[in-house]
Amino acid sequence: MTVTRRSRRSSGRTTLNDVAGAAGVSPITASRALRGERSVDPELARRVHEAAERLGYVPDPAARALASQRSTQVLVLVPLLSNALFVDLLEAVHRTLFPEGYQPLIGVTHYDGAEEELLLRTYLPHRPAGLLVTGFDRSEAARQLIVRSGVPCVHLMETSHAPGVACVGFSQVEAGATITRHLLERGRRRVAFCAAQLDPRVMQRAEGYRQALRAAGLYDPRLEMLSPERSSIALGARLFEEMLQRMPDMDAVFFCNDDIAQGGLLAANRLGLAVPGRIAIAGFNDLAGSDQMVPPLTTIRTPRSEVGRAGADMLLGLMRGTLPGPACVELDYELIVRQST
């Protein structure tokens, strides 16, 4: 009895050689066909794809990268996965990069510079094709790791016109000023600011708040409440109640993020404070559920999906050796006025 064996690796995986043998072509032709190269005869390409499907062939990205000396992985560093803002951004990055043959590799920094540095030290030696990072606030060691790696890098969510810096974002300062000016235009004069997490983008919104109130001659530092705790609905309720006890004459609150704004609005309702009659409440980011609050929440709609798409497009250009547009792309945000103000 003759036993036919496939030439498999010790792992038992079907190899490219198996596919080539089943299709009656060389391994090089099989590889080109599976990559979709147009130089391969259509009939041969059909046979290769049929053989690959029949054998359950799954390409080995590590072997492909070794053979081509080109990685298909893009390292994406974000602060949190529990924040819907970054989930939206990552979804847009994936939808842009994956059809182009790149696989996002996600690292979570937890707003910790040391953790970001460790992620860079861990993954950059594997020579990813590209790198997407959040903002500009990082250690000098982390900056040098990025520069010395030579890996194309795009910064997301903030902008800078520094030479050699590729970035896509929007002005957090101006967005913070915009919503503060909206509250002033509604006749509010004792506008409080409640913030959590206190990452660089939150503090930029705080600066926009201060600029708008100083321009109106109404800035009072006692109306600020800054908490390093992680942003949440429960924290928003607590911050609102504490600020109300401290400054009972406040007539508006700008919360740095929608989840704590939702908590503040729930607390106001629980305390029987009319919104916006007694006090106006505004948030930031236009997160899910803000339009369903009672009353619906005024907020800033941030372009996180657009940032993800544009940042990934910019990185694709850099990885291919071209930058078709400007190195700094500043996107628009939108003031969403609802009944809470």
Side-chain angles (χ1 to χ4, degrees), residues 74-94 104-124 128 131-147 149 153-160 165 167-173 175-176 193-210 224-239 254-264 283-288 299-300 302-305 307-308 311 333:
V74 169
L75 179 59
V76 188
L77 299 184
V78 295
L80 285 176
L81 290 179
S82 58
N83 189 328
L85 183 150
F86 295 110
V87 173
D88 292 343
L89 185 149
L90 287 170
E91 174 73 13
V93 166
H94 174 81
L105 178 64
I106 300 168
V108 182
T109 69
H110 300 102
Y111 291 100
D112 186 328
E115 194 161 345
E116 181 183 57
E117 188 178 324
L118 179 59
L119 287 166
L120 290 168
R121 292 188 184 279
T122 300
Y123 290 111
L124 284 179
L131 175 63
L132 293 168
V133 296
T134 306
F136 297 99
D137 184 57
R138 55 187 40 86
S139 68
E140 181 59 28
R143 279 192 285 271
Q144 289 302 317
L145 283 169
I146 294 171
V147 170
S149 72
C153 177
V154 175
H155 300 74
L156 306 176
M157 298 304 294
E158 298 178 47
T159 58
S160 168
V165 174
C167 56
V168 177
F170 63 98
S171 175
Q172 303 274 349
V173 174
F193 178 71
C194 290
Q197 198 74 59
L198 308 187
D199 63 81
R201 286 161 297 285
V202 165
M203 299 313 295
Q204 289 166 31
R205 292 167 212 162
E207 181 56 30
Y209 158 83
R210 294 168 189 147
E224 288 189 24
M225 183 168 286
L226 308 178
S227 170
E229 297 177 64
R230 183 170 293 182
S231 181
S232 70
I233 291 176
L235 177 62
R238 177 158 59 83
L239 292 179
F254 165 26
F255 287 92
C256 77
N257 199 37
D258 270 14
D259 55 355
I260 60 172
Q262 291 170 5
F284 199 96
N285 279 321
D286 195 24
L287 299 181
T299 186
I300 291 285
T302 52
R304 58 257 194 189
S305 293
V307 167
Y333 56 85

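- Side chains of Pro79 and Phe86 form a contact here, defined as non-hydrogen atoms less than 4.5 Å apart.
- For the atom pair Leu85 CG and Ser305 OG, the distance stands at 9.0 Å (nearest 0.5 Å).
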Begin with the C-alpha distance, continue with both residues' side-chain angles, and end with the deciding distance and a verdict on side chain to side chain contact (heavy atoms under 4.5 Å, CB included) for Asp112 and Leu118.
CA-CA 10 Å; Asp112 186 328; Leu118 179 59; over 6 Å; no

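- If you take CZ on Arg230 and CG on Leu198, they are separated by 13.0 Å, rounding to the nearest 0.5 Å.
- Between Val76 and Pro104, the shortest heavy-atom contact is CG2-CB, 4.1 Å.
- In this structure Glu115 satisfies the side-chain hydrogen bond (donor to acceptor under 3.5 Å, both in side chains) test together with His110, sequence neighbours excluded.
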Run Asn257 and Leu287 through side chain to side chain contact (heavy atoms under 4.5 Å, CB included) and show every step you take.
CA-CA 8 Å; Asn257 199 37; Leu287 299 181; 3.9 Å; yes

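- Atom CZ of Arg210 sits about 7.5 Å away from atom CZ of Phe193, to the nearest 0.5 Å.
- Shown here are the salt bridge (charged side-chain N to carboxylate O under 4.0 Å, His left out) partners of Arg121, two or more places apart in sequence or in another chain: Glu117.
- Side-chain contact check for Arg201 versus Thr134: some heavy-atom pair is nearer than 4.5 Å.
- Closest heavy-atom contact between Gly283 and Ala261: CA-CB, 3.7 Å.
- For Asp199, there are no side-chain hydrogen bond (donor to acceptor under 3.5 Å, both in side chains) partners at least two apart in sequence or on another chain.
- Distance check: Cys256 SG to Leu226 CG gives 9.0 Å after rounding to the nearest 0.5 Å.
- Residue Arg238 holds its CZ atom at 14.5 Å from CD1 of Ile233, rounded to the nearest 0.5 Å.
- Across all non-hydrogen atoms, the minimal contact from Phe254 to Gly176 is CE2-O, 3.8 Å.
- The two residues Cys194 and Ile260 come nearest to each other via the heavy atoms O-CD1, 3.6 Å.
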Passes side chain to side chain contact (heavy atoms under 4.5 Å, CB included), Phe170 versus Glu158? Steps please.
CA-CA 6 Å; Phe170 63 98; Glu158 298 178 47; over 6 Å; no

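- For the side-chain hydrogen bond (donor to acceptor under 3.5 Å, both in side chains) test, residues two or more places apart in sequence or in another chain that qualify with Thr302 are Asn285, Arg304.
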Walk me through it: do Leu80 and Gln197 pass the test side chain to side chain contact (heavy atoms under 4.5 Å, CB included)?
CA-CA 11 Å; Leu80 285 176; Gln197 198 74 59; 4.2 Å; yes

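- Distance check: Phe284 CZ to Asp259 CG gives 13.0 Å after rounding to the nearest 0.5 Å.
- Each of Ile106, Val108, Thr109 was scored for a side chain to side chain contact (heavy atoms under 4.5 Å, CB included) with Leu77, with one residue passing: Thr109.
- Nearest heavy-atom pair, Ala196 versus Leu235, reported as atom, atom and distance to 0.1 Å: CB-CD2, 3.5 Å.
- Residues passing the salt bridge (charged side-chain N to carboxylate O under 4.0 Å, His left out) test with Arg138 are Glu116, sequence neighbours excluded.
- Side-chain contact check for Leu120 versus Leu131: some heavy-atom pair is nearer than 4.5 Å.
- Other residues, nucleotides and ligands place more than 12 heavy atoms under 6.0 Å from the OH atom of Tyr111.
- Of all the heavy atoms in Leu239 and Ser227, the pair that sits closest is CD2-CB, 4.1 Å.
- Taking Asp286 as the reference, Arg301, Arg338 meet the side-chain hydrogen bond (donor to acceptor under 3.5 Å, both in side chains) condition, with sequence neighbours excluded.
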